[in-house]
Amino acid sequence: MIVEGTYPLPGTPVVIWDLLMDPEVLAKAMPGTKLLVRAAADRYEGVMRIGIGPITAAEFELVIALTDVLPPYSYAMQIDGKGRAGFTRGTAKVELVPEGAGSVMHYSADLQVGGKIAAVGQRLLDSVSKLLTRQGLEALNRELNHRLGGAPA
Amino acid sequence: MKPAAFEYHRPASLDEALALLAEHEDAKPLAGGQSLIPAMNFRLAAPAALIDLNGIGALARTGGMDDGGLQLGAMTRHCTLERSPLVAERAPLLAEAMPCIAHPQIRNRGTVGGSLAHADPAAELPAVMVALEATLVLRSASAERRVPAEQFFTGLFATALEPGELLTSIELPPPPARSGFAFQELARRHGDYALVGVAAMLTLNEAGQCSRARVALLSVGDGPVLAVRAAAALAGQPPSASSILAAAELAAREDVDPPSDIHASAAYRRQLVRVLTRRALTRAAGRVRPSSSIPT
Amino acid sequence: MKPGRYFGERVLRLEDARLLTGRALFVDDVQLPGMLHAALLRSDEAHARIRSIDASAARSRRGIVAVYTAADLGAYWRPGPLLVPPPPISGLVFNTATQVPLARDKVRHAGEPLALVVAESRYLAEDALEDIVVDLEPLPAVTDLEAALLEGASLVHEQFGSNLAAHVHQHKGDYAVARAAAHAVIARRFHYDRGAAAAIENRGVVAQWDARAEELTLWDTTQAPIPIRNGLAALLGLRESQVRVIAPFIGGGFGPKIMMYYPEEVLLPWAAMRLGRPVKWIEDRRENFYATTQERGQVHDAELAVSKDGKILGVRDRFLHDTGAYDPYGLTVPINSQCTLLGPYVVPNYDSEFTAVFTNKPIVTPVRGAGRQHGVFVMERLLDFAARELGIDRVEIRRRNYIQPDAFPYDHEILFQDFRPLVYDSGNYPAALEQAVELIGYDSFVRQEQPRLRREGKHVGLGIVSYIEGTGIGPYEGARVTIEPSGSVRLATGVGTQGQGHFTTFAQIVAEVLGVEVDQVQVSTGDTREFTWGTGTFASRGAVVAGSACHAAALKVREKVLALAGPLLGVAAGELVLHGGRVQSSNLPDKGISLGELARKANPLRGAVTPGTEPGLEATAYFGPDRGNAASGVHAMIVEVDAETAAVTIKRYVVVHDCGTIINPMVVEAQVQGGVAHGIGNAFFEQLSFDENGQLRNASFMDYLLPTALDVPTVEMAHIETPSPLNPLGTKGVGEAGAIPTGAAFAQAVEDALAGSGVELTEIPLSPNRLFELLEAAKARGAA
Amino acid sequence: MPAPLIHRDSGGLRVNGQHTIGVTVNGTHHERPVEPRLLLSDFLRHDLGLTGTHVGCEHGVCGACTVLLDGAAVRACLVFAVQTDGHEVTTVEALGGEGALHPLQQAFHEAHALQCGFCTPGFLMSLLPFLSEHPDPSEQEIREALSGNLCRCTGYANIVAAVQRFVQRNGATAGNRPAGAGA
């Protein structure tokens, strides 16, 4: 499953970068994240609960490992989520390109989904992934605006 | 495939149900259960408690309203709507859609309120309610509010229902004079989730031009999608083959951004929107009655 | 065997009453005091190394009696047997890797079991599954057949150094020469994807160990109770006589229920013996999509060399066969594909080579049709394309290539799945074709109807194809017939039955021979206590092989009746007839005795009998055919395609079928109708959709689409009977026939309906979504 | 001793509180404690031993478990037993009687409308209310009525034929509900 796109964010890459490394901000960018801690410089661990329509019992243990970190412009993530409802894992790339006063985030993720959610939730996967991405980016944007003291977008 | 354990409540009145809902945060209302129970059997859903609404007779009342419209109790079962002469007369679009919903055994159990609150993007009733400009009545322990169907569906399986709120009834306006309707869908097999569906209402003015067109699409987005550009294109036009063709083309190209799944790619869904919208509007135009036959 | 009072008649089924009232016993209906319930933890991963499994939390949950992993099985853990060894074909390569009861070091397909939970209820067992913590190290999954064979591909079974499961090359004549001489060579690539057998009854096992009697009883949804018993006895260190396997009423088989030993068949008896309580496991529908075997994944690169007048000069086929994660069933499926491709045609030169490939998908074993679909699809499509290219009518090109009725026995000079030469015993292919052409109204459809409807903007098309089904293979089956003093006749045979009507057809055979009413014959199938020799119900062999055994046993009993009654009545054996439950003089009917009374006399309680006398009117007999026989037929269908939505409606379906002598036309027609429904499913609705990581994306009846009553037309049927010389009944198999050529007929019909669109159909299944893609692609080509 | 076993069988260990329900099944009233999550299909099969109701998918698609709830055909796998408190359930065991088949069962027999017979009870229970409401259905109506029940053996043709046979034979009396069609 491929998810990709671009999204304008307030602030220059330098400003955004530190916030992106903040587990609290990162958590907001991943809807349903109940807990996220920075276990190491390049490793986050947490719990994510996805509740969409009929799927309310999908809780995942989440591990995110950062790779190819090129502050303040780009990094990649190894995402690994496991739960009773199945698993999701893959890689995501995030790139910040300065544009005017702000930046444009180029994101792309290639995710595998397995187990029960893949087997019986197929009809909804595409819509759900689009929804989570949109929600995540909007949340991230709100958070950045908030932290940068700007008005919420 | 056995559900996880849960607490079970069967309130006898709406107030009791609302009270229970207020005190049990992670409780889920159980209406017909024809979508919820399969999800529970797969253990994709595991609510801590269920509040069974099947014991509340007041929620199952359906009847005509003085303005010639209809009021549907949320717990009215599909099979009741399907067989109701009143529905056939006052909401023929709804009547036409009913047989497309799953199978008789499911319709004997499933309820109109359950289907709307579940807000499955592939479900027929949300699109029909949007096309019919229905008003949904929501009740909480403290208040009642009325929400137009168009604003009730807020996203993927998402509705305007707040925690502690229940959908208690649905109000349908009488069919306008000189209006025609049509419901069309394509499913792999009869009763399956539609690959694409269209609920269309068309109203003409004295001059025979479209004064209002409502085209609600299902299975092409996060919820029912109102084809506003298609409708705008029809406004002021006679419902001719060419104007309908143009509207259908707009619906497919600009009104939808359909998802892909194993049964239908986005491109195929677009094509189905194009074809089914054209067919639905054509049939609706052909059904326009000179004037309202509803006694008011 | 000649038609008579019952044989060949539309006798209503004797088993119906029990089934219609809900009294028939299915495995899930077995209720035993103290019974426990099992559930299996199955891998979410398609390919992974097992780091650890922690079941401690599950074990401590209330209501949980035991949790077992591979480690707990100790010495009992071992891979299953190779059920069908490869046939003696020179140069054949075969790598054996059979399934294991619980994955130990590695999981090789999604759904492979990791642990067994035994609890006081299935609900509690499923609760406990969620407590088991499994640490799996994911490995790249092998799913694409070509990629699987590339250097550096991830390995399903490391010990083989590649994912090659088998390589087989069979040929006759010299294809190269034929190709050189050909006026045209038609070459295409064909795809056939996976489907599920999807019996409405999922699998199930109930195991009970009786410590006092030291006897194990197993109720099992199997098509082969006797081999299960023998294998289990060996596994558990018991004597065969200590193990009783009962295959009661089975809710549909379609192939996968012949597979053995499924992990559950091995685990439950072991657990029941350890726990001293009966244990039940009933597969749920989601499990069924992983835990029950599947079929159909093949990719063919085939070419047909033809002369100017459409005569087949030769066929060359190279194909890949997906055998899944293990290959316990040997080469049965791909060899069926290889042999069945030749069909009813004279193919002077044939060169066929296949490679079976291990993938990280559920195990492949025969499913109704068992590889024959693929062969028929490739050959029939090649003929369609050749006909178009040569400007010959598609019916005519088939006519020109048929094996003629006087050419039997006809030797194709290659080896069949039963290790015997592929020699057709009998048939009349031209007659079947002409009858089908007549029934479907081919000429008027092509000349008038289709052009007229096209002018009206309707896209209608016709498909008409032929096929052969090798059926009724050995090794053997047996039966015991007993005339009881009550006068009723008891018939016991070893084959299991899954709805084919054996209770009735076998009774018809015996009733005919013994001159009793058919409902006087009580049939017992599938209980190893009743009959202990036999193999099972598969390869459309029940009626042919077990039926012939019933016939032989009945004849033996008839001899005993005559031998005993002759002296008793003072009538020469030659003048005796068996009629109305009596044996009597042909010219003096009152000179006779009822079979029941004779049975009593055959079991004297006092006095002496002449040495060598056997008591009772009972006999056991066996039948093993020299080789499989060749059922055949022609399918024709008319479809209408909505060119805008790519939705397809089947308007008419015609089958002309030859299964030799017919025991019960009602049963045969129903088997064909059911097979056609299965074929329509495979052609248009059913597809197991795996992603590139081996994840099944439609493991439910919401997304895996079985045809409904609205999707399957009532088939118009005609029979041709060319009796098989290979068995005394003259009958041939019919169980799978209906499902075999449907895809080929469907593709031809849809392509015909879309004539002019430039669409060429070389794959099955064809969903509307896929048809739309192909139409768009054709448009793009046209535009370019 | 049997009683507690039945509890086990139905997943009814005393967790999460049991509810005692009073339900009339095939005319017999039963008072039983049930765990809320117990599916009606399991209650009928395991607690009451009415194993004629079969289970094929447990997500409401195959129709094998179809029973009548207050006379209406429903999926027993999509109803909790606890919900039937105070209601009437009719299963295939209620059809016919004294060794005689119900006319619809008889029609199935004569038309060879079943092979393995596993899905058959579901078909019968779906058809009874349908036939009482549609005394003279068209083939299309019959096929639509059957479309919520899956059969893998028959290809449906003989099931349609059986219904037509029943309709012809019971044409005169078909207006009134076939015997055993429940409340």
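Proteins come first, then strands; the chains are lettered A, B, ... in the order of their sequence lines, and each starts at number 1.
- Classification of C:E686 and D:R152 as a salt-bridged pair holds, one side-chain N sitting under 4.0 Å from a carboxylate O.
- Here the SG atom belonging to D:C153 is positioned 8.0 Å from the CD atom belonging to C:Q671, to the nearest 0.5 angstrom.
- Atom SG of D:C116 is separated from atom CD1 of C:I250 by 9.5 Å, given to the nearest 0.5 angstrom.
- Contact annotation for C:D711: neither backbone nor side-chain heavy atoms come within less than 4.5 Å of a heavy atom of chain D.
- For C:D29, the parts lying near chain D are the backbone and the side chain together; criterion is any non-hydrogen pair under 4.5 Å.
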Decide side-chain contact (heavy atoms from CB on, under 4.5 Å) for C:R285 and D:E58; before the verdict, give the C-alpha distance in whole Å, the side-chain angles of both, and the deciding distance to 0.1 Å.
-> CA-CA 7 Å; C:R285 183 53 61 183; D:E58 289 183 308; over 6 Å; no
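- Between D:R45 and C:D28, at least one side-chain nitrogen of the basic residue sits less than 4.0 Å from a carboxylate oxygen of the acidic one, meeting the salt-bridge criterion.
- Within the 4.5 angstrom heavy-atom criterion, atoms from both the backbone and the side chain of C:A670 approach chain D.
- Remark: C:T497 OG1 to D:Q115 CD distance equals 10.0 Å, nearest 0.5 Å.
- Proximity to chain D involves both the backbone and the side chain of C:P707, based on heavy atoms less than 4.5 angstrom apart.
- In this structure, NE2 on D:H54 lies 5.0 Å from CZ on C:F26, to the nearest 0.5 angstrom.
- Aromatic ring pairs are classed by plane angle as parallel below 30°, tilted from 30° to 60° and perpendicular above 60°; the pair C:H37 and D:H46 is tilted.
- Formation of a donor-acceptor pair under 3.5 Å by the D:Q105 side chain with backbone atoms of C:L20 is found in this model.
- Contact of C:R368 with chain D is made through the side chain alone, with heavy-atom distances under 4.5 Å.
- Relative ring orientation between C:F701 and D:H59 is described as tilted, the plane-to-plane angle lying within the 30° to 60° band.
- Here the CZ-CG distance, from C:R122 to D:D42, works out to 10.0 Å after rounding to the nearest 0.5 Å.
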